[in-house]
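Excluded from the calculations below are hydrogen atoms, water molecules and symmetry mates; all remaining heavy atoms, backbone and side chain alike, are included. This structure is a prediction, so every number in the text was calculated from the model and none was measured. Within every chain, numbering begins at 1; the chains are lettered A, B, ... in the order of the sequence lines, protein sequences first and strands thereafter.
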Amino acid sequence: AQSVTQPDIHITVSEGASLELRCNYSYGATPYLFWYVQSPGQGLQLLLKYFSGDTLVQGIKGFEAEFKRSQSSFNLRKPSVHWSDAAEYFCAGGSPTNFGNEKLTFGTGTRLTIIP
Amino acid sequence: DGGITQSPKYLFRKEGQNVTLSCEQNLNHDAMYWYRQDPGQGLRLIYYSQIVNDFQKGDIAEGYSVSREKKESFPLTVTSAQKNPTAFYLCASSQLTGTSGELFFGEGSRLTVL
């Protein structure tokens, strides 16, 4: 079955430190992959997406993600976090062989806390 | 500005009552979706619609109903048959052709059953 897994439920990082949020996928073919961010009580905002081509994807707010086929991963990174990055982050995947947004599978999310 | 508007933001319901959550988009998107979000469970698809007057069940449609009479509107009714309706509900939309499949989300509606 197609799935997206975020192994970390909660991560705490000091302000100014680097960040990496993990996302693993299980698809028969290379999936479409997305990272979304959600502030408390708000909707989701797209940070970045991967469809094909360059495996290092740049997004908004200084985030980037790297698609690694050998590790079935699409980890989100930021070199230096700001207090405003505290939020919940969702990885999502869709199958290119049966593409439709109704087929998107979301991970369970990683809550990011930033400490001074 | 283009976007998705959900209302109300907060809603309280007594057991046995039906409630309707509104979702309107002015992005001219073909497809619209309703998701339910519970802590630690990510987003689960309730219903989606790719065209006016047509909609499909998602993974957890039981106890919910929708309509799509206009392209810009996709209201969700939480019926009394939904056993555990307290949750955060998110509406989303997307364009189906010539795009990379990005979902645009509203700000959500929090339903609490008293």
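Tracing side-chain contacts under 4.5 Å through hydrophobic residues (I, L, V, M, F, W, Y), one reaches A/V57 starting from A/Y25; they form part of the same cluster. Placement of B/V52 and B/L76 in two distinct hydrophobic clusters is found when ILVMFWY residues are connected by side-chain heavy-atom separations under 4.5 Å, directly or transitively. A single hydrophobic cluster is seen to contain both B/L45 and B/F88, as judged by linkage of ILVMFWY side chains at heavy-atom distances under 4.5 Å, directly or through other members. At a threshold of 4.5 Å between side-chain heavy atoms, the hydrophobic network of Ile, Leu, Val, Met, Phe, Trp and Tyr places B/Y89 and B/F55 in one connected group. A continuous path of hydrophobic side-chain contacts links B/Y47 to B/V19 [ILVMFWY only; heavy atoms under 4.5 Å].
The line from CD of A/Q45 to CD of B/E107 is 10.5 Å long, rounded to the nearest 0.5 Å. Between atom CD of residue B/E102 and atom OH of residue A/Y36 there is a gap of 5.5 Å, rounded to the nearest 0.5 Å. With rounding to the nearest 0.5 Å, the separation of OG1 in A/T105 from CG in B/L43 is 11.0 Å. In this structure, the separation between CD on B/Q37 and CZ on A/F90 is 4.5 Å, given to the nearest 0.5 Å.
Contacts between A/L44 and chain B at a heavy-atom distance below 4.5 Å involve backbone atoms as well as side-chain atoms.
Heavy-atom pairs under 4.5 Å with chain B peak, among A/Q6, A/Q38, A/E88, A/R111, at A/Q38.
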